[in-house]
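Atom set for the values below is all heavy atoms of this structure, side chains included, hydrogens, waters and symmetry mates excluded.
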Amino acid sequence: MKVHQLLRQYEKGIRDFRDISLEGLNLSHILLIQVDFTGSNLDGANLSRAFLTRANLCGASLCRANLSFVKLSDGNLSGANLTKVNMSGAFMVKSQLPGAQISGGNLTGANLRSANLQGANLSGANLQGINLRGADLRGANLRWANISCGRLSGALLEGAKLNGVNLSGAYLNGVNLKEVELDGVNLMDAKLSGANLQGAKLIAANFRAAKLRGTNLSGANLRGADFTDAEVESTNFKGADLREAQIAGAIVDAASFNTGILADTIGHYLGNALPTVQGHPFAPGMTG
């Protein structure tokens, strides 16, 4: 279908464009409210700055399509193929993307607040500065994704695959990452106030300059983790493994370490900070 044919039918009130091919077409700045593109082929199409509010793209193919700065709030992209798509700056608040394939996509600065991405594949995607507040990412594949400076406060991340993810500078206040595998994760300068990381695997994780206020790290494996210059306030480290961890320059206030496994360097640090640390006193060579 040609662009002028599509627009002519839309002007006549037609909204059903299921299973059509718009591959490679230039649809930038186009206005198509509440259209149905279910199962359609939009591979390589240019939809930059298009208005597609409440559009149905369920099962559609948009490989390498340009959706930069598109308006697609309340859209349905369930099961859509968005491999290597450009969705930078896209406005997709409350959109439905469960099971969508978005691997290798560019979503920098996109707004997907309260969107449903349950089971979506975002592996290797660039999500720098993305807004995912309140989004449903349960079971999503975020392996090797770049979510630096992303906003994930209130997001649902149960069962999400986060191996190799970059969360530096990310806002993770109040998120539940209980027992998640995050070995070697980059959380430098991340905001983790009220986050639940109970029992999480965080071996050699980078917490440099991170903000941990009221964070639950009880039972977490933090062996070799780096807390250099981090702000650790009212954080629960009970039962955590902190052997070989680095805490030089960290601000520790009212943190609870009793029963944790502590490296000599941490025991020495805490020995100098007893007025602000809850639990047993620690001296060099001692563990809780």
Side-chain angles (χ1 to χ4, degrees), residues 142-148 152 157-288:
L142 290 156
R143 291 189 176 105
W144 305 107
N146 177 11
I147 319 180
S148 61
L152 291 94
L157 289 157
E158 288 82 359
K161 301 171 181 66
L162 295 160
N163 310 74
V165 69
N166 178 7
L167 289 164
S168 60
Y171 293 80
L172 295 156
N173 299 321
V175 298
N176 183 12
L177 291 165
K178 183 179 180 180
E179 298 179 354
V180 170
E181 187 171 332
L182 287 164
D183 288 344
V185 69
N186 184 2
L187 287 158
M188 182 176 180
D189 200 35
K191 286 72 177 173
L192 291 150
S193 296
N196 182 12
L197 290 152
Q198 182 181 5
K201 297 178 181 178
L202 291 152
I203 297 173
N206 181 4
F207 287 95
R208 295 174 73 94
K211 310 293 189 297
L212 296 98
R213 297 188 179 96
T215 308
N216 184 2
L217 284 159
S218 61
N221 189 341
L222 293 157
R223 188 162 188 168
D226 188 353
F227 289 92
T228 303
D229 297 327
E231 293 182 21
V232 183
E233 180 181 333
S234 301
T235 291
N236 184 358
F237 286 98
K238 292 181 179 179
D241 187 343
L242 285 155
R243 287 175 293 183
E244 301 168 27
Q246 301 296 317
I247 199 167
I251 301 171
V252 180
D253 185 14
S256 180
F257 289 84
N258 54 307
T259 75
I261 304 172
L262 301 177
D264 288 350
T265 53
I266 294 178
H268 178 71
Y269 178 87
L270 295 178
N272 296 326
L274 291 178
T276 60
V277 178
Q278 295 177 351
H280 301 300
F282 295 94
M286 295 180 64
T287 58

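Once rounded to the nearest 0.5 Å, the distance linking CG of L212 with OG1 of T235 reads 5.0 Å. Note: L192 CG to L217 CG = 8.0 Å, rounded to the nearest 0.5 Å.
A ring pair (Phe, Tyr, Trp, His ring centres under 6.0 Å) check over residues 166-225, counting only residues at least two apart or in different chains, returns the pairs F207-F227. Note on residues 220-233: pairs passing salt bridge (charged side-chain N to carboxylate O under 4.0 Å, His left out), not counting sequence neighbours, are R208-D226, R213-E231, R213-E233, R223-E244. Residue pairs that meet the ring pair (Phe, Tyr, Trp, His ring centres under 6.0 Å) test with at least one member in residues 180-200, sequence neighbours left out, do not exist here. Among pairs with a residue in residues 159-186, none fulfils salt bridge (charged side-chain N to carboxylate O under 4.0 Å, His left out), at least two apart in sequence or across chains.
Qualifying salt bridge (charged side-chain N to carboxylate O under 4.0 Å, His left out) partners for K211, counting only residues two or more places apart in sequence or in other chains: D189. Applying the side chain to side chain contact (heavy atoms under 4.5 Å, CB included) criterion to V165, with sequence neighbours excluded, gives A145, I147, L162, L167, L182, V185. With sequence neighbours left out, R143 forms a salt bridge (charged side-chain N to carboxylate O under 4.0 Å, His left out) with no residue at all. With sequence neighbours excluded, the residues that form a side chain to side chain contact (heavy atoms under 4.5 Å, CB included) with S168 are S148, N166, N186, M188.
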Please output the side-chain donor-acceptor pairs of residues 195-205 that fall under 3.5 Å, not counting sequence neighbours, one pair per line with the distance.
unit_1 : atom_1 : unit_2 : atom_2 : d
N196   : OD1    : Q198   : N      : 3.1
N196   : OD1    : N216   : ND2    : 3.4
N196   : ND2    : N176   : OD1    : 3.2

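The shortest distance between side-chain heavy atoms of I247 and L242 does not fall below 4.5 Å.
The minimum heavy-atom distance between A245 and L222, with the atom names listed, is CB-O, 4.0 Å.
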